[in-house]
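Okay, structure first, notes after.
Since this is a predicted model, take the numbers as computed values, not measurements. In what follows, chains carry the letters A, B, and so on, assigned in the order in which the sequence lines appear, proteins first and then strands, with residues in each chain numbered from 1.
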2 protein chains.
Amino acid sequence: MAMTTGRSAGRVRLEDVAVLAGVSMKTVSNVVHNYEHVSSTMRGRVQAAIDELGYRPNLTARRLATGKTGMIALAIPEMDQFYFAEMARHIGEEAGRHGYRIIVEQTLNDVEAERAVIRDREEGLVDGVIFHPARIDTLEIARLRPGTPLVLLGEAARPVNTDHVMIDNTSAARDGVEMLMRSGRRRIAFLATVRGDITESTHLRLLGYQEALLAAGIELDPRLVLQSDGFSIDDGVRAISAAIEAGVTFDAVLCRDDLFALAALRALGQAGLRVPEDVSVLGWDDTAVARYSTPALSSVSPDKRALAAVAFGLLEERMQGYDGVGRHQIVPHAIIERATT
Amino acid sequence: MAMTTGRSAGRVRLEDVAVLAGVSMKTVSNVVHNYEHVSSTMRGRVQAAIDELGYRPNLTARRLATGKTGMIALAIPEMDQFYFAEMARHIGEEAGRHGYRIIVEQTLNDVEAERAVIRDREEGLVDGVIFHPARIDTLEIARLRPGTPLVLLGEAARPVNTDHVMIDNTSAARDGVEMLMRSGRRRIAFLATVRGDITESTHLRLLGYQEALLAAGIELDPRLVLQSDGFSIDDGVRAISAAIEAGVTFDAVLCRDDLFALAALRALGQAGLRVPEDVSVLGWDDTAVARYSTPALSSVSPDKRALAAVAFGLLEERMQGYDGVGRHQIVPHAIIERATT
DNA sequence: GTTGACATTTACAGCGCTATAGATTAGCGT
DNA sequence: ACGCTAATCTATAGCGCTGTAAATGTCAAC
């Protein structure tokens, strides 16, 4: 047993290979990188030394030397929330395809954690950041303007000079409501506005809901816009149960996310209402639970793959030096009909 | 030549701060690290320079110098699967508490990707790896024996010399079956063995299921051990529907994961069977969907937080130099009863 | 005053790799 | 043979930080 100072036990370095092969370090580096102008004899000799010693390049050193890390940070509120987990997967795959790896940062809905993301907490650690903010607004992000390339996901409260990709929430909500109306629904509830929600999403979706109704000549009934005390499933259940008990009637519910749609399923079941016979339920985000629930949820489906691809694309341009104004991109959405409508 | 390769535009370095403050680099470093033996005048002067220049340390350089990265890799099959997403969250939080960050590696059930994890793909990038293998067995892992500290999650096909943490699947299955029997169930089905499943988990759970039944003096009925063609919800639905159509009767189902439990809910509903009146359903993993489904799923609940904490603890010891034999740790589980039992 | 014994601060050699510039060799037309 | 270009290969200066060893200051105790 060789005695090592706590640190990485006598790791094999590039120089060791060079010495064994009797060549310069640069030549070893060249064969490691498959540089073309290396004679095949040389390549063979070096490769043999690499194999013999079991050399593997130290990525940290490489990074310091090149200034590129090959990693991007993905900052999301919670990685076990369906929507974010799915986005993380897509972004991870997309990044992988382009030779990047991702490191996931959970902000856990903490303002300070989100600020830390923007303030280059990752300095020198990642080449870029994809960030889905939950607590801080785009204005503040613009103010803290990080040095690392950044792309935002999700709603932008107002136009800012930061790259940004999202779906058109308002138009998606309109599409959802129109779909419900096509199947004859007229009294459509919105589940729900959430107390203390500082994100723009709910608002935009509500707006689309109202626009569609008005466009169809249906008068808005404020009692159909449900109110929830929080984002949990129980909050959702309470919101809808309260409405039912208060005598509010409706034949469809547009939900701000799939979780609220599950809440609707539960509350309606408890009230003895059948889905979709008595009430249609339309979720939002089209996460895996939509497929797994019984009855399977219809849901407004953002094109997550496109979201990931576009976000990564914008980021890549920034990483390659683009330094122009912030760009806003809209990716497509669809209404996926399953068993609840 | 100031003509550097497109590299990071004039970033502020430690040396810049040192020059501005008129002190040595080491002193700046000391201030950055809150080293105690720094006079407060000095600290103030240096801090002012840091603030003025907006200096932020380059983590890559720090890493190269210290040999510690402060990061651990978490390698899991897919990060959008409920169980893995939740484990990722817990491990991320646990690591964060100890000053580490995680980088998530999706192996996507690919054998080569899993081998790459073991073969130190992360060389010099992370201080340790927590790995939940899906395709390669523990024997192969032992053979490829990586240089980086490693802790395994999930079942070990056989004792190996690698740290490893899991719940006692067999005993958990027994507990689950006993709970079902206590509520009077006698014909308990197992959903399901999966064709092509090379993991040990299903097998161990099935074993526990059988042990509990035998211990209660109930004869094993092979028709109650359902067979599925795959891991998807539809595979699960088909497996259970086929059994029902074949005239197999049962009053409870122990499922190998929550997804199959949702499948059971769906198939039973389609067959007009009520849950839990006619058939009890017990899921496994106690993922968020268990709480969200209607009726809410009862589920075998591994203590994920403990799993994360123990795994991280073992890894930390390895990272600090422990080099003894592989340790196996069992963490607690519980049976969470909700509405399906 | 001096002397230790500490507390502070500094100088500088790495960490392992890449990249630039220059040295060497090879290939070829005349 | 000779000159010239192109193909290979080498030497070495960083990348930005930390750790070590040594230098300098400070202060209480003689």
- Item | Side-chain donor/acceptor contact of Lys26(A) with base of dA19(C) under 3.5 Å | yes
- Message: Taking the basic N atoms (NZ, or NE/NH1/NH2) and the acidic carboxylate oxygens, is any pair closer than 4.0 Å for Arg135(A) and Asp110(A)?
- Response: no
- Note on the structure: Taking dC9(D), dG16(C), dC17(D) as options, the one with an atom nearest any side-chain atom of Met42(A) is dC9(D)
- Task: Using the test side-chain hydrogen bond (donor to acceptor under 3.5 Å, both in side chains), find all partners of Asp51(A) that sit at least two apart in sequence or belong to another chain.
- Result: Gln47(A)
- Sub-3.5 Å donor-acceptor pair from the side chain of Asp303(A) to the main-chain atoms of Val331(A), do we have one? no
- Starting at atom CG of Leu125(B), determine the distance to atom C1' of dC17(C), rounded to an integer number of angstrom. 14 Å
- Which part of the nucleic acid does Met25(A) contact within heavy-atom distance under 4.0 Å: base, sugar-phosphate only, or nothing? base
- Note on the structure: Between Tyr83(B) and Pro302(B) the two heavy atoms that sit nearest each other are CE1-CG, 4.2 Å
- Item | Side chains of Ile102(B) and Val126(B) in contact at under 4.5 Å (non-hydrogen atoms) | no
- Query: What are the two closest heavy atoms between Gln329(B) and Leu314(B), and how far apart are they?
  - Reply: CG-CD1, 3.8 Å
- Query: Picking from dT8(C), dT8(D), dT18(C), which would you name as closest to the side chain of Ser39(B)?
  - Reply: dT8(C)
- Message: Looking at Arg327(B), I want to see if its CZ is surrounded by more than 12 non-hydrogen atoms of other residues, nucleotides or ligands under 6.0 Å.
- Response: yes
- Would you mind telling me which of dT10(D), dA11(C), dG14(D) lies closest to the side-chain atoms of Ser24(B)? dA11(C)
- Query: Taking only N and O in the side chain of Ser29(B), is any of them less than 4.0 Å away from OP1 or OP2 of dG19(D)?
  - Reply: no
- Gap between atoms CG and P, on Leu14(B) and dG14(C) respectively (whole Å): 19 Å
- Query: Got more than 12 heavy atoms from elsewhere within 6.0 Å of CZ, Arg305(B)?
  - Reply: no
- Atom CG of Asn58(A) to atom P of dG14(C): distance rounded to whole Å? 18 Å
- Item | Distance in angstrom units between Leu59(A) CG and dC15(D) C1', rounded | 16 Å
- Item | Distance, rounded to the nearest Å, where Arg13(B) contributes CZ and dG14(D) contributes P | 11 Å
- Task: Name the closest nucleotide to the Arg62(A) side chain, picking from dG16(C), dT18(C), dT18(D).
- Result: dT18(C)
- Using five pairs at either end of the helix from dG1(C)-dC30(D) to dT30(C)-dA1(D), determine the angle between the two local helix axes and round it to 10 degrees. 50°
- Side-chain H-bond candidate by donor/acceptor type, Glu94(A) with His98(A), under 3.5 Å: yes
- Leu64(B) CG to dG14(C) P: how many Å, rounded? 14 Å
- Task: Figure out the CD/C1' separation between Glu15(A) and dA11(D), and round it to whole Å.
- Result: 12 Å
- Which of residues 30-38 of chain A sit near DNA chain C, with a heavy atom under 4.0 Å from it? His33(A)
- Nearest-neighbour nucleotide for the Thr66(B) side chain, dT18(C), dC9(D), dT18(D) considered: dT18(D)
- Task: For Arg45(A) and dT8(D), give me the distance from atom CZ to atom P, rounded to whole Å.
- Result: 15 Å
- Take Phe84(B) and His132(B) through the side chain to side chain contact (heavy atoms under 4.5 Å, CB included) test and state the conclusion after the steps. CA-CA 9 Å; Phe84(B) 296 124; His132(B) 190 126; 3.6 Å; yes
- Query: Using a cut-off of 4.0 Å on non-hydrogen atoms, how would the nucleic acid contact of Thr27(B) be classed: base, sugar-phosphate, or nothing?
  - Reply: base
